[in-house]
Asker: 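What follows is a structure written as structure tokens; I'll ask about it next.
Numbers here are sequence positions counted from 1. The analysis underlying the following values was restricted to heavy atoms, covering all of them including side chains, and did not include hydrogens, waters or symmetry mates.
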Amino acid sequence: MTASSVYLRRRIVNVVALVASACATLLGLVFLAWILWTTLKSGLGAITPHLFTRITAYADQGGLSNAIVGSLIMDVMALLICAPIGVLAGTFLAEYANRTRLGATIRFLNDILLSAPSIVLGLFVYVIVVLPMSSLTNGSVSFSGFAGSVALALIGLPVIVRTTDEMLQLVPGTLREATLSLGIPQWKMTIQVLMRAATSGIVTGVLLALARLAGETAPLLFTAFGNNFMTVHPLDKMESLPVAIYQYTNDPSPDLHAIAWAGALLITLFVLALSLLTRMLFSRHKVRYD
């Protein structure tokens with residue numbers, strides 16, 4: 001085979017790969033734009049003041065105020081549970097268990113938890129939280145916002161662990177060597193130097209975890225259950241936007257379908273805002289090691 005024929009074959013393979021990649025990208029963008037346009041067209045008309053002031057108990061004449069408040073409460077509680085644990089676990093993996101058998105095992109288990117179906121995590125929390133609370137309180141406390149936040153925390157935890165681990169590993173080893181050469185203990189180096197250098201990446205992981213939690217439905221059906229009335233107590237049954245959307249889409253009423261589309265649009269805008277905030281934080285506070 002001559003050099004010219006090898007070059008021609010490589011050029012043909014390169015062109016075919018580029019065309020296939022461009023077609024796949026275009027196909028994905030078309031479906032994404034279609035989904036966004038459908039959500040915007042179907043949900044924008046139902047964005048009214050009643051959507052933010054009335055509760056779901058009014059059905060097709062109501063809104064989603066209790067679902068919005070419930071989602072915010074459970075998402076914040078879930079972050080308060082999983083963010084500190086995830087950051088500490090990711091720091092341990094990157095700085096103390098890196099290239100060890102224990103670290104490899106933890107990363108493997110974290111990857112399994114990351115890919116586990118959310119409904120399985122919801123059933124797990126139902127068994128370890130909902131049923132024991134119901135038996136301890138003789139049924140007065142069973143499904144609750146707290147149980148829902150625990151289920152959401154299990155979903156967000158592996159995202160934060162992996163992001164923190166990877167961001168700390170991206171910090172150059174020369175920075176560690178320079179810090180340790182000054183006689184600074186490793187724990188102080190980790191907190192004051194490495195964590196500060198990887199802050200933008202860690203915050204990005206937390207925001208990405210929050211974006212994922214905002215749209216989870218299945219685990220909340222077995223934990224928070226839902227509530228047509230406004231409540232802020234973590235031990236009460238609590239409504240959420242994804243559960244309200246799921247319930248409304250199962251109803252034949254077109255008015256409830258419109259409210260469901262409005263809720264889907266709110267979640268989409270929330271995730272979009274988080275993504276833009278993540279990009280802005282990452283670009284403005286990006287650490288350069290040139």
Side-chain angles (χ1 to χ4, degrees), residues 28-29 31-40 43-44 47 51-52 64 67-87 89-90 110-111 113-122 125 145 148-168 170 198-221 223-224 238-246 249 260-286:
L29 290 177
F31 279 104
L32 178 61
W34 187 11
I35 293 172
L36 292 177
W37 169 248
T38 303
T39 305
L40 183 65
L44 191 60
I47 301 293
L51 190 73
F52 303 97
L64 296 172
I68 295 172
V69 172
S71 290
L72 290 176
I73 291 176
M74 285 189 285
D75 289 343
V76 171
M77 290 175 60
L79 278 185
L80 292 177
I81 296 173
C82 68
I85 300 175
V87 171
N110 186 75
D111 291 340
L113 184 61
L114 185 63
S115 58
S118 59
I119 192 170
V120 175
L121 299 178
V125 176
S149 64
V150 173
L152 294 178
L154 290 179
I155 296 174
L157 179 62
V159 178
I160 300 176
V161 171
R162 167 174 279 190
T163 306
T164 303
D165 183 18
E166 293 180 351
M167 290 300 105
L168 287 174
L170 288 177
T199 297
S200 61
I202 295 174
V203 173
T204 299
V206 174
L207 293 179
L208 290 176
L210 179 59
R212 180 179 177 183
L213 301 183
E216 289 294 340
T217 305
L220 298 181
L221 294 174
T223 52
M238 192 169 290
E239 188 64 284
S240 63
L241 270 177
V243 172
I245 294 171
Y246 170 76
T249 53
W261 277 112
L265 180 59
L266 290 179
I267 294 178
T268 303
L269 295 177
F270 178 71
V271 173
L272 177 61
L274 284 179
S275 300
L276 294 176
L277 179 61
T278 300
R279 300 276 301 185
M280 183 180 66
L281 287 175
F282 191 77
S283 61
R284 291 184 59 182
H285 301 282
K286 188 176 181 179

Asker: Decide side-chain contact (heavy atoms from CB on, under 4.5 Å) for Phe52 and Leu64; before the verdict, give the C-alpha distance in whole Å, the side-chain angles of both, and the deciding distance to 0.1 Å.
Answerer: CA-CA 6 Å; Phe52 303 97; Leu64 296 172; over 6 Å; no

Asker: Evaluate side-chain contact (heavy atoms from CB on, under 4.5 Å) for Ile155 paired with Leu213, printing each intermediate quantity in order.
Answerer: CA-CA 7 Å; Ile155 296 174; Leu213 301 183; 4.0 Å; yes

Asker: Rounded to the nearest 0.5 Å, what separates atom CG in Asp165 from atom CD1 in Ile160?
Answerer: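 Result: 13.5 Å between the selected atoms.
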
Asker: What pairs with Ser118 under side chain to side chain donor-acceptor pair (under 3.5 Å), at least two apart in sequence or on another chain?
Answerer: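 With neighbours one apart ignored, the set is Glu216.
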
Asker: If you round to the nearest 0.5 Å, how far is CG of Leu276 from CG of Leu207?
Answerer: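 The CG atom of Leu276 is 11.5 Å from CG of Leu207, to the nearest 0.5 Å.
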
Asker: Show which side-chain atoms of residues 68-79 pair as donor or acceptor with protein atoms under 3.5 Å away, not counting sequence neighbours.
Answerer:
{"residue": "Ser71", "atom": "OG", "partner": "Ala67", "partner atom": "O", "Å": "3.1"}
{"residue": "Ser71", "atom": "OG", "partner": "Leu241", "partner atom": "N", "Å": "2.7"}

Asker: To the nearest 0.5 Å, how far apart are CG in Leu113 and CG in Leu121?
Answerer: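 Nearest 0.5 Å value for the CG-CG distance: 6.0 Å.
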
Asker: Taking the side chain as every heavy atom from C-beta outward, state whether Tyr246 and Leu221 have any pair of such atoms under 4.5 Å apart.
Answerer: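 Side chain of Tyr246 against side chain of Leu221, heavy atoms only: contact under 4.5 Å found.
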
Asker: Taking side chain as C-beta onward, heavy atoms only, is Trp261 less than 4.5 Å from Leu266?
Answerer: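 The answer is no, as the side chains (C-beta and beyond) never meet within the 4.5 Å cut-off.
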
Asker: Minimum heavy-atom separation for Thr217 to Pro242, with atom names?
Answerer: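 Smallest interatomic distance, heavy atoms only, reads OG1-CB, 3.0 Å.
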
Asker: Atom CG of Leu152 and atom CZ of Arg212: how far apart are they, to the nearest 0.5 Å?
Answerer: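 Answer for the CG-CZ pair, Leu152 versus Arg212, is 10.5 Å.
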
Asker: Do Ile119 and Pro219 touch side chain to side chain, with heavy atoms closer than 4.5 Å?
Answerer: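 SC-SC contact between Ile119 and Pro219 ruled out.
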
Asker: Does anything in residues 152-164 form a salt bridge (charged side-chain N to carboxylate O under 4.0 Å, His left out)? List the pairs, not counting sequence neighbours.
Answerer: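 Counting only pairs at least two positions apart or across chains, the salt bridge (charged side-chain N to carboxylate O under 4.0 Å, His left out) contacts touching residues 152-164 are Asp111-Arg162.
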
Asker: Looking only at heavy atoms, what is the nearest atom pair of Cys82 and Leu157, with distance?
Answerer: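 Minimum heavy-atom separation between Cys82 and Leu157: O-CD1, 3.6 Å.
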
Asker: Roughly how far, to the nearest 0.5 Å, is the CG atom of Leu265 from the OG1 atom of Thr38?
Answerer: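 Interatomic distance, Thr38 OG1 to Leu265 CG, rounded to 0.5 Å: 12.0 Å.
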
Asker: Does any part of the side chain of Ile245, heavy atoms only, come nearer than 4.5 Å to the side chain of Ile267, both counted from C-beta?
Answerer: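 The answer is yes; the side chains approach within 4.5 Å.
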
Asker: Could you check if a side-chain atom of Leu36 sits within less than 4.5 angstrom of a side-chain atom of Leu40, using non-hydrogen atoms only?
Answerer: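 Side-chain contact under 4.5 Å: no.
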
Asker: Please report the shortest heavy-atom distance between Ile47 and Ala262, naming the atom on each side.
Answerer: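 Result for this residue pair: CD1-CB, 3.9 Å.
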
Asker: If we only count heavy atoms from C-beta on, is the Val120 to Pro117 side-chain gap below 4.5 Å?
Answerer: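 Yes, their side chains come closer than 4.5 Å.
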
Asker: Atom OG1 of Thr223 and atom CG of Leu220: how far apart are they, to the nearest 0.5 Å?
Answerer: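 These two atoms lie 5.0 Å from each other.
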
